[in-house]
Amino acid sequence: MSSRTPATIAAAVERIRAVLGPAGCLEAAADVEPYLVDFRGLYRGRTPLVACPASTADVAAVLGICHELGVAVVPHGGNTSYCGGATPHDDGTEIVLSLRRLNRVREVDADNFSMVVEAGCLLAHVQAAAEAADRFFPLALGSAGSCQIGGNLATNAGGLNALRYGVARDLVLGLEVVLADGRVIDGLSSLRKDNTGFDLRDLFIGAEGTLGVITAASLKLFPRPRTVETAFFAVPDIAAAVQLLARMRAATGDAVTTFEFLPRIAVELTARHVPGVTDPLDRPYESYVLCEVATSRDDPTLRALLEAALEEAMQQGLALDAVLAGSLAQRAALWKLRESVPEAQRAEGASIKHDVSVPITALPRFVTEATAAVLAIVPAGRLVAYGHVGDGNLHFNVSVPLGEDAAAFLANAAAVHDAVHEIVRRHRGSISAEHGIGRLKRDALARHKSPVELDAMRAIKRALDPKGILNPGKVLPEPDTGH
Ligand code: MLT
Ligand code: ZN
């Protein structure tokens, strides 16, 4: 249980009201409601106040008050977390801190290939601001229209271009962070090289708001892709996809930006549930790859290179059929198919989800072993294992068997997670490749990290947040937070 008394929480709320004014405080039930439930509907919490500061100084003031009074704060971005990382607990003692009003692009420096943005900018807004300066910000997520860059960084999001450009962490030059006690680290450097001791920046990326609140970031930009070719092809299995990735990278001068694996069922579910999605090929196949190659120059040879690589793959039986997008509309249709898989799986009913990674070369064995392990527990479970093969990251999901009751199926979730995660461990993989830990995987994290790693993480947490007010009960089980 939380040790904060109602009087202490009321005092914090009153002082925050005085700092932020009515425009910065949401308290009416209807206004607060969207902040209480996570994206997947797994958690529902309560809060006395959603604080919506409009500046870094205001964030600092809110945290200063909460630190002084020992009141917990839950940072909140676009609420697209899959792990409940931004949802308050249900004891009503935690103040939600929405970053949505910190939404300015502070600077775009095209010649330095960098930009400085505030945490509450929508990812789509960041991408558009880069494009307006003839530059490219490559983080690409299906939720770009609703997720915020601060949340992307706090959770170290991965997405669809990580193969070529890296994950969110790799795209950051510097951060502005408000510490638990309200002090501000102004680390908004735009330097590529800065070899001056501990890298504090990387502590806050992926920490999900448990070590500090990211208020702004200096981001890396890239030349804008000018030639983009998109192919959708059938492959016999994931082993062939892995082999093809290496070949495509070599054949196209390492121009592969996306290499996504889809099993047949993903095509069937999207065609069934998402209006406008159809199977791009004339007959069904076991598995598919959506591959995109891009260069920053006008390059009429790129398509020919891709076609030649696919033709060779077909001769060798590594690819079975293929279609290349011939227009922007066809490209958009292929992307829609890929990006709608989570939505289609949701529409199909209950699912047990995983976000795992293993070394790319271990993917085929991982899939064989994990499939057997899952079917031993849920024999009629429908495997929907799709995702970022180029990063060794699969969403190894299981949909409810046809006709089976959701609750009965979900009762197997813990056993299925344990079985899959044990195979991940054997392959030295990760139980959360890109979705983070939040509340959902907190206990799994504690089982999968070594005692030494957990000790080091706890020591850092204690050093930066000695009162445990920042997003308690997320990422690390902290004995002194009550969660
Ligand atoms: C994806 O790759 O589509 C997402 O990370 C997984 C999901 O939304 O379930
Ligand atoms: Zn993903």
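Model, not experiment: these values are computed from the prediction. Counting starts at 1 for both ligands and their atoms, in listed order.
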Residue [X] vicinity, atoms of ligand 1 by number, heavy atom under 4.0 Å:
X: Pro342; answer: 3 (O), 7 (C), 8 (O), 9 (O)
X: Lys353; answer: 9 (O)
X: Tyr82; answer: 7 (C), 8 (O), 9 (O)
X: His435; answer: 4 (C), 5 (O), 6 (C)
X: Tyr386; answer: 3 (O), 6 (C), 7 (C), 9 (O)
X: Glu434; answer: 2 (O), 5 (O)
X: His388; answer: 2 (O)

Here the N/O/S atom of Glu434 closest to the Zn ion (ligand 2) would be OE2
The Zn ion (ligand 2) -> His388, closest N, O or S atom is NE2
Heteroatom N/O/S of His435 within less than 2.8 Å of the Zn ion (ligand 2) = no
Given the side-chain rings of Phe136 and Tyr165, with only the six-membered ring counted for Trp, is the space between their centroids under 6.0 Å?
yes
Next item on the list: Answer yes or no: are there more than 12 heavy-atom neighbours, outside Arg428 itself, under 6.0 Å from its atom CZ?
Entry: no
The closest protein heavy-atom partner of atom 3 (O) of ligand 1 is Arg338 NH1, 3.2 Å
